[in-house]
Asks: 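Questions regarding the structure given below will be posed in turn.
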Amino acid sequence: MARITAGIATSHVPAIGAAIDLGKTGDEYWAPVFAGYEWVRTWIKDNTPDVVILCYNDHASAMMLDIVPTFALGFAEEYEPADEGWGARPVPTVMGDPDLAGHLAEQLVIDDFDLTIMNAMDVDHGLTVPLSLVFGQVEEWPCRVIPLAVNVTQFPTPSADRCWQLGAAIRDAVEAYPEDLDVQVWGTGGMSHQLQGERAGLINPEFDNAFLDKLIDGTDELRAITRLQFLREAGSEGIELIMWLIMRAALGEKVEQLHRFYHVPASNTAVGHTVLRPVAD
Ligand code: DHB
Ligand code: FE
């Protein structure tokens with residue numbers, strides 16, 4: 001049977017992708033950011049999954065305002081890196097897993113999640129920057145990826161608790177898949193940041209570190225965070241943290257924290273990163 005073996009969460013700041021692509025990771029500004037990812041870069045070599053279900057958000061790259069799916073599941077054979085205005089990132093094509101994606105779509109819709117199915121889409125920095133941070137600069141990504149794009153750009157966004165429920169349903173669906181697959185669930189985005197308006201540049205380390213703590217064993221409190229609280233405490237883009245809750249719920253009740261990193265700032269964002277492993281009851 002398929003099983004979820006680990007969860008990874010990380011910020012997905014586009015400037016991090018540019019620093020990698022332009023060979024700037026050793027620069028004074030960037031070196032401390034990339035130092036926080038050395039642990040996962042080593043760990044993943046012995047823990048490469050068959051498939052990553054990658055919960056992220058599209059930033060009006062593949063889905064412009066003419067269509068705003070709340071939850072969009074990738075069902076394509078492959079996904080090209082999106083051109084976000086300065087050319088596509090020079091990273092490999094992302095290979096999908098339509099068999100597992102089809103199973104997830106069926107199970108999740110049966111579980112009352114009204115998913116949008118994406119038969120074709122390009123994937124932006126929300127998906128490709130985390131792949132680069134974890135796998136480095138490679139000729140091919142070492143595993144298949146099922147993109148799960150969550151709307152955090154247009155009100156009304158799904159609630160933290162709805163994302164939690166989706167993660168739990170993903171866990172059930174993966175465990176019901178008959179193939180012997182090692183599956184990881186990743187959540188990208190966050191931590192606190194605000195890119196526009198009077199509070200542009202807002203960063204809230206207290207909120208972020210409490211979020212990282214509660215991700216281990218205070219999840220009821222995270223599920224109760226409202227849209228307004230995210231906005232007030234973590235800035236207008238802090239809502240991206242709801243993708244982390246899908247990842248966390250997919251790991252089940254108890255987890256062990258294998259790695260944690262927090263750094264302020266990269267571009268306009270507080271960078272957070274954690275690796276969690278499910279613990280059997
Ligand atoms: C930044 C962060 C993001 O999450 C994003 O999607 C775009 C920009 C930033 O900090 O610059
Ligand atoms: Fe973002």
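When a ligand or atom number is given, it counts from 1 through the structure's own listing order.
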Asks: Given a heavy-atom cut-off of 4.0 Å, could you list the residues near ligand 1 in chain and number order?
Replies: H12, V13, P14, H59, H125, H193, L195, E240, A266, S267, N268, T269
Asks: Is the ring centre of Y37 less than 6.0 Å from the ring centre of H273?
Replies: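 That pair passes the under 6.0 Å test.
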Asks: Around the Fe ion (ligand 2), what protein N, O or S atoms are found below 2.8 Å?
Replies: H12 NE2, H59 NE2, E240 OE2
Asks: Return yes if a side-chain donor-acceptor contact under 3.5 Å exists between S192 and N204, otherwise no.
Replies: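 No, no side-chain donor-acceptor contact under 3.5 Å.
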Asks: Answer yes if the side chains of E240 and H12 hold a donor-acceptor pair under 3.5 Å, and no otherwise.
Replies: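 Present: a donor and an acceptor within the cut-off.
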Asks: Which residues satisfy the side-chain contact (heavy atoms from CB on, under 4.5 Å) test with N209, sequence neighbours excluded?
Replies: P205, L212, R260, Y262
Asks: What do you reckon, are the aromatic ring centroids of W39 and F34 less than 6.0 Å apart?
Replies: no
Asks: Could you check if a side-chain atom of D180 sits within less than 4.5 angstrom of a side-chain atom of R3, using non-hydrogen atoms only?
Replies: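 Sidechains of R3 and D180: in contact.
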Asks: Assess, by modelled atom type and distance only, whether the side chains of S132 and R89 contain a donor and an acceptor separated by less than 3.5 Å.
Replies: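 Side chains of S132 and R89: pair found under 3.5 Å.
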Asks: Supply the members, apart from M1, of the Ile/Leu/Val/Met/Phe/Trp/Tyr cluster built from side-chain contacts under 4.5 Å; use none for a lone residue.
Replies: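 M1 clusters with nothing; isolated.
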Asks: Rounded to the nearest 0.5 Å, how far apart are CE of M243 and OG1 of T10?
Replies: 11.5 Å
